[in-house]
Peer 1: 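Structure in structure tokens, see below.
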Amino acid sequence: MPSLPILALRYLAWLIGLRVLFGLLVQFAGLPNAPATGVILAAAPLADIGMQAVKRATRVLGLGDWALIWGLCLSIFVAVQVILPAIVLAPMRALLAQPEGWRQVAVIVIPAALMMGLFLWIGQRSVRGPG
């Protein structure tokens, strides 16, 4: 099993880096900031995470190992996109105090979770590992 803290830090760096870069493109190039873009920005780094996990593994990773890596990255995404803003920003807390707010969060988190699994699988399949 590869080192989970290294994979977590790598995903966090990708997530924040892509979000900052895209934020600059939205501001200066006028790109639209749609919810689907946030899903792609959250999921695409998992292709790299999947490749790194295979490269750093000392054995063939099983389904449980992949579920652990997926859950780790999903929890980081939720922490950065939902929990941290809810702690810092009062409007986010107010949004989450209503059922409609939870629906808006689910519309982002559920597709992101599915896409994360897809990109993790793509990354895993794109490189040869042990065994």
Side-chain angles (χ1 to χ4, degrees):
M1 183 71 179
S3 174
L4 290 179
I6 290 173
L7 293 177
L9 186 59
R10 190 174 189 100
Y11 178 69
L12 183 62
W14 269 110
L15 184 66
I16 292 172
L18 286 176
R19 179 51 76 182
V20 168
L21 179 62
F22 186 72
L24 291 172
L25 288 171
V26 167
Q27 290 297 320
F28 297 114
L31 292 178
N33 193 8
T37 307
V39 169
I40 297 292
L41 290 175
L46 266 88
D48 178 57
I49 299 301
M51 289 188 301
Q52 292 302 317
V54 170
K55 286 180 183 178
R56 296 170 190 254
T58 56
R59 60 177 171 78
V60 175
L61 299 176
L63 185 60
D65 298 324
W66 288 112
L68 185 64
I69 294 168
W70 173 81
L72 173 72
C73 293
L74 181 61
S75 65
I76 291 169
F77 170 71
V78 170
V80 169
Q81 294 294 107
V82 179
I83 297 171
L84 188 60
I87 291 171
V88 177
L89 303 171
M92 184 68 169
R93 283 191 300 274
L95 179 72
L96 293 177
Q98 304 167 8
E100 180 60 31
W102 284 103
R103 190 172 331 181
Q104 289 177 5
V105 168
V107 164
I108 299 299
V109 172
I110 293 170
L114 296 172
M115 290 289 287
M116 289 170 122
L118 176 66
F119 276 86
L120 189 62
W121 178 76
I122 289 169
Q124 176 245 341
R125 301 286 298 168
S126 64
V127 55
R128 296 194 73 155

Peer 1: Can you name the closest pair of heavy atoms from Ala79 and Pro85 and give their distance?
Peer 2: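 Closest heavy-atom pair between Ala79 and Pro85: O-CD, 4.2 Å.
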
Peer 1: Tell me, with the steps shown, if Leu9 and Trp14 meet side chain to side chain contact (heavy atoms under 4.5 Å, CB included).
Peer 2: CA-CA 9 Å; Leu9 186 59; Trp14 269 110; over 6 Å; no

Peer 1: Would you say Val39 and Leu21 are hydrophobically clustered, going by side-chain heavy atoms of ILVMFWY under 4.5 Å?
Peer 2: no

Peer 1: A quick test of your reading: do over 12 heavy atoms of other residues, nucleotides or ligands sit less than 6.0 Å from CD of Glu100?
Peer 2: yes

Peer 1: Name the residue from Leu114, Ile122, Leu120 that meets the side chain to side chain contact (heavy atoms under 4.5 Å, CB included) definition with Leu118.
Peer 2: Ile122

Peer 1: Among the clusters formed by ILVMFWY side chains lying less than 4.5 Å apart, do Trp102 and Val107 turn up in the same one?
Peer 2: no

Peer 1: Side chain of Asp65, backbone of Gly62: donor and acceptor closer than 3.5 Å?
Peer 2: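 Yes; judged by distance alone, with no hydrogens or angles, the pair exists.
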
Peer 1: Show the numbers, then the answer: is there a side chain to side chain contact (heavy atoms under 4.5 Å, CB included) between Arg56 and Ile6?
Peer 2: CA-CA 10 Å; Arg56 296 170 190 254; Ile6 290 173; 3.7 Å; yes

Peer 1: Hey, what do you get for CZ (Arg103) to CG (Leu95), rounding to the nearest 0.5 Å?
Peer 2: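 Spacing of CZ (Arg103) from CG (Leu95) equals 11.5 Å.
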
Peer 1: With the side chain counted from C-beta on, respond yes when Leu15 and Leu41 share a heavy-atom pair under 4.5 Å apart, and no when they do not.
Peer 2: no

Peer 1: Could you state the interatomic distance from CZ (Arg59) to CG (Leu61), rounded to the nearest 0.5 Å?
Peer 2: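 Here the interatomic distance stands at 6.0 Å.
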
Peer 1: Looking at Ala113, is its backbone amide N or carbonyl O close enough to the side chain of Trp70 to form a donor-acceptor pair, meaning the two atoms are under 3.5 Å apart?
Peer 2: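 Yes, because the side chain of Trp70 sits within donor-acceptor range (under 3.5 Å) of the backbone of Ala113.
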
Peer 1: Give the minimum heavy-atom separation between Arg93 and Val88, together with the two atoms involved.
Peer 2: NH1-C, 4.0 Å

Peer 1: Okay, side chain of Tyr11, backbone of Ala42: is any donor-acceptor separation there less than 3.5 Å?
Peer 2: yes

Peer 1: Taking atom CD1 of Ile110 and atom CG of Leu74, what is their separation to the nearest 0.5 Å?
Peer 2: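 So the gap between those two atoms works out to 10.5 Å.
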
Peer 1: Main chain of Asn33, side chain of Thr37: is a donor-acceptor contact present, judged purely on distance under 3.5 Å?
Peer 2: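 A pair under 3.5 Å: no.
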
Peer 1: Can you name the closest pair of heavy atoms from Met116 and Cys73 and give their distance?
Peer 2: CE-O, 3.6 Å

Peer 1: Look up atom CG in Leu7 and atom CD in Gln52, then write down how far apart they are to the nearest 0.5 Å.
Peer 2: 7.5 Å

Peer 1: Is there a side-chain contact between Arg19 and Gln81 in this structure, where contact means two heavy atoms from C-beta onward sitting under 4.5 Å apart?
Peer 2: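 SC-SC contact between Arg19 and Gln81 confirmed.
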
Peer 1: Nearest 0.5 Å, please: how far is CZ in Phe119 from CG in Asp48?
Peer 2: 12.5 Å

Peer 1: Check for me, please, whether Ile40 and Leu25 land in the same ILVMFWY cluster - side-chain distances under 4.5 Å, paths through other members count.
Peer 2: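 Cluster IDs for Ile40 and Leu25 differ.
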
Peer 1: Verify side chain to side chain contact (heavy atoms under 4.5 Å, CB included) between Phe22 and Leu18, making sure each step is shown before the conclusion.
Peer 2: CA-CA 6 Å; Phe22 186 72; Leu18 286 176; over 6 Å; no

Peer 1: Flag yes if more than 12 heavy atoms outside Arg125 fall under 6.0 Å of its CZ atom; otherwise flag no.
Peer 2: no

Peer 1: Please tell me if the side chains of Ile87 and Met92 come closer than 4.5 Å, counting only heavy atoms from C-beta onward.
Peer 2: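 The answer is no, as the side chains (C-beta and beyond) never meet within the 4.5 Å cut-off.
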
Peer 1: Test side chain to side chain contact (heavy atoms under 4.5 Å, CB included) on Leu96 and Val82; report intermediate values, then the result.
Peer 2: CA-CA 9 Å; Leu96 293 177; Val82 179; 4.2 Å; yes

Peer 1: With the 4.5 Å side-chain cut-off for hydrophobic clustering, are Val20 and Val26 part of the same group?
Peer 2: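 No.
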
